[in-house]
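Accompanying notes for the structure given below.
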Amino acid sequence: MRRPRHLLLVACLCAGGYAGLLAPRTAWADTSPRPAAVREMVQGLRLLNSFPVQGPHDRMWTAFDPDAIDRDLGAIAALHGNAVRVIPEVTVFTMPSPPPVYLDELSRTVGLAAAHGLRVQLTLFDQLGDYARLADSERWADAVLGRFRGDPRIAFIELQNQIDPRNDGAMRWARQLLPYLREVSGGIPVTVSVDAPASNLVDLQLALGSAAPDFWDFHYYYLPGSAQATFREVAAIAAPRPLLIGEAGYSTFPGNAAVPGVPHTAPAQEAYQDHVLRTVELAAIEAGLPPAAPWLLNDLRCDDCKPVDDFYGLLRADGSAKPAAASISRIFAGAPVDRDIDLGFERAAGDDPAYWRVLGAAGATFRRDPGVAHGGMASALVEGGGDGATGDHCWAVEPLDPPRAGGRYSLSAWARGRSATGRTTVEVAWLDYAGGAIDTAASSPLPEGDTGWTRLSVSSPVPPGTVAAELRLCTAENSGSAWFDDVRFEPTGT
């Protein structure tokens with residue numbers, strides 16, 4: 001769990017190309033009692049990943065703080081969660097015989113969770129690297145699971161976090177351990193997780209064959225705009241077994257540079273986290289899956305973690321809530337996903353509009369201007385940076401819903417200039433899986449000089465291969481100022 005969890009931007013997820021590569025299906029009739037019960041369990045999950053603020057990873061056990069754990073479990077329940085992930089790491093719960101003190105702490109944690117109405121996901125064998133220790137692994141699983149055989153407080157057991165399906169030793173180990181866990185746990189459902197891209201799940205299916213788990217667990221830290229197409233593809237790959245998006249998140253570390261253009265301030269990064277998680281949750285729901293499990297409940301104070309890894313929480317380290325916490329709470333409670341992307345610039349994230357990124361910022365100043373508006377209370381301002389300003393300078397945002405394949409969309413905004421030079425336009429960029437622009441369509445430009453509010457618009461068909469749209473409000477070669485407000489993006493037919 002100490003691996004960097006950055007939102008990756010340059011990975012081809014290759015969704016849509018794996019359905020014909022699946023391993024032969026094993027007998028697993030959807031009408032039989034066990035698959036139906038597993039499917040119902042998975043579909044009902046409202047799961048959160050959690051570590052105590054001061055005790056992440058191994059310190060959760062070596063500096064065990066039941067009061068802090070109890071507060072966190074109460075916070076999960078308050079967010080309408082019904083399950084929590086608990087990780088007894090093998091670095092502490094040593095193989096093959098974990099110390100009784102840590103087994104007692106694990107039992108107490110499960111009991112605390114149950115007191116808050118939460119079931120537990122047990123993730124085993126985290127940090128295990130020696131897959132030749134098959135007998136020791138079975139003995140260790142016996143010891144850890146011995147207290148929980150058939151225990152309804154355990155929702156499911158994850159064999160290992162983000163196993164490598166191309167590691168032959170790991171796959172031999174998993175083929176033996178998956179059925180063993182199901183047996184020694186008294187029939188508690190078992191899974192094993194992989195991270196994106198979708199090809200990892202195909203490789204895992206091929207490697208496990210008839211030793212497949214009861215359901216599949218897929219972790220996603222890639223482009224949010226690609227999530228919907230990816231989840232539909234991965235759900236098809238997983239079928240007929242259920243699928244859980246067991247981790248998804250975004251770090252609000254002010255210096256997080258994983259996504260170009262998110263302003264390096266805590267308010268802007270927290271607003272973008274909310275945008276990412278709402279996009280991913282909508283994608284899961286639209287694919288017929290349960291809500292994705294956010295990584296992580298709390299920000300961490302972790303001495304041996306990279307700073308960016310400490311800021312994935314829905315809650316700050318002092319316990320206060322980030323904007324994403326309210327969104328997750330509403331989604332877990334069954335409310336529709338809020339699709340707002342601040343097209344009127346009414347939501348402030350410090351000095352910036354919420355959810356919007358800045359592209360080509362060198363030589364220009366970007367800010368939300370609460371003193372100028374076409375409608376409402378504020379607009380988005382780009383000041384060109386003085387004489388000789390060069391290049392495109394754009395505000396950019398992605399709608400939560402992907403564009404309809406084969407459709408046509410209209411983008412419009414009201415723009416106003418002061419001493420404007422060059423070209424001020426609105427643009428829609430059609431993006432592929434890796435976030436690259438397949439095509440870009442731009443409006444006619446705003447006249448130069450001083451202008452009143454003028455509507456700029458462009459209509460464009462969706463090119464083949466598009467998975468997301470990016471709305472851009474741009475000014476180029478502009479030594480003056482340009483304001484934008486009241487953006488609209490809508491389908492106009494085929």
Side-chain angles (χ1 to χ4, degrees), residues 260-261 263 341-349 351-399 403 407-431 437-463 466 469-493:
I341 52 173
D342 196 23
L343 295 179
F345 307 105
E346 299 301 290
R347 294 191 179 188
D351 292 332
D352 300 294
Y355 321 130
W356 288 79
R357 298 179 293 118
V358 297
L359 306 179
T365 299
F366 291 76
R367 64 182 175 89
R368 177 179 179 268
D369 191 343
V372 176
H374 174 263
M377 301 296 294
S379 61
L381 169 64
V382 183
E383 294 180 299
D387 292 340
T390 61
D392 294 336
H393 305 290
C394 306
W395 288 104
V397 71
E398 291 183 18
R408 174 177 284 271
Y409 285 75
S410 172
L411 170 65
S412 67
W414 291 86
R416 172 181 171 181
R418 185 178 64 195
S419 302
T421 60
R423 291 174 57 83
T424 295
T425 58
V426 299
E427 303 177 3
V428 56
W430 304 111
L431 306 181
I438 297 171
D439 195 11
T440 303
S443 70
S444 298
L446 183 74
E448 294 187 0
D450 296 341
T451 59
W453 288 107
T454 304
R455 185 175 181 269
L456 305 179
S457 65
V458 60
S459 177
S460 173
V462 180
T466 296
E470 184 175 73
L471 316 183
R472 299 175 180 173
L473 314 176
C474 298
T475 178
E477 314 297 330
N478 186 1
S479 59
S481 302
W483 289 263
F484 300 90
D485 200 5
D486 294 334
V487 181
R488 295 188 67 179
F489 181 65
E490 53 195 358
T492 58

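In this text the structure is predicted, and so the values were computed from the model without any measurement. The first residue in the sequence is number 1, and the count goes up from there.
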Would a 4.5 Å heavy-atom cut-off, applied to side chains only, mark [X] and [Y] as touching?
X      : Y      : answer
Asp392 : Arg472 : no
Val487 : Leu473 : yes
Arg418 : Asp450 : yes
Trp395 : Val358 : yes

Once side chain to side chain contact (heavy atoms under 4.5 Å, CB included) is applied, do any residues pair with [X], and if so which ones, sequence neighbours excluded?
X      : result
Ser457 : Ser412, Arg455
Thr421 : Asn478, Ser479
Arg423 : Thr425, Pro445

side-chain hydrogen bond (donor to acceptor under 3.5 Å, both in side chains) against [X], all qualifying residues, sequence neighbours excluded:
X      : answer
Ser460 : Trp430
Ser459 : Arg408
Arg357 : Glu470
Ser379 : none

* Tyr355 side, atom OH; Asp342 side, atom CG - distance, nearest 0.5 Å ->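 Taking OH in Tyr355 and CG in Asp342, the distance rounds to 6.5 Å.
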
* Asked: So how far is it from Thr454 OG1 to Trp414 CH2, rounded to the nearest 0.5 Å?
  ->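 Between Thr454 OG1 and Trp414 CH2, I get 7.5 Å after rounding to 0.5 Å.
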
* Asked: Taking only residues two or more places apart in sequence, or in another chain, which ones meet Arg367 in a salt bridge (charged side-chain N to carboxylate O under 4.0 Å, His left out)?
  ->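 Asp369.
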
* With sequence neighbours excluded, tell me which residues meet salt bridge (charged side-chain N to carboxylate O under 4.0 Å, His left out) with Arg488. =>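 Expected list: Glu490.
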
* Report the residues that fulfil ring pair (Phe, Tyr, Trp, His ring centres under 6.0 Å) with Trp483, sequence neighbours left out, ordered by chain and then residue number. =>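 Listed in chain order: nothing, the list is empty.
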
* Under the ring pair (Phe, Tyr, Trp, His ring centres under 6.0 Å) test, which residues partner Phe345, sequence neighbours left out? ->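 Partners of Phe345 under the ring pair (Phe, Tyr, Trp, His ring centres under 6.0 Å) test: Trp356.
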
* Asked: Can you list the steps and then say if Leu446 with Thr451 is a side chain to side chain contact (heavy atoms under 4.5 Å, CB included)?
  -> CA-CA 8 Å; Leu446 183 74; Thr451 59; 3.7 Å; yes

* Residue pairs involving residues 438-462 (criterion ring-ring contact (aromatic ring centres under 6.0 Å, His included); sequence neighbours excluded) ->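 Output for this query lists His374-Trp453.
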
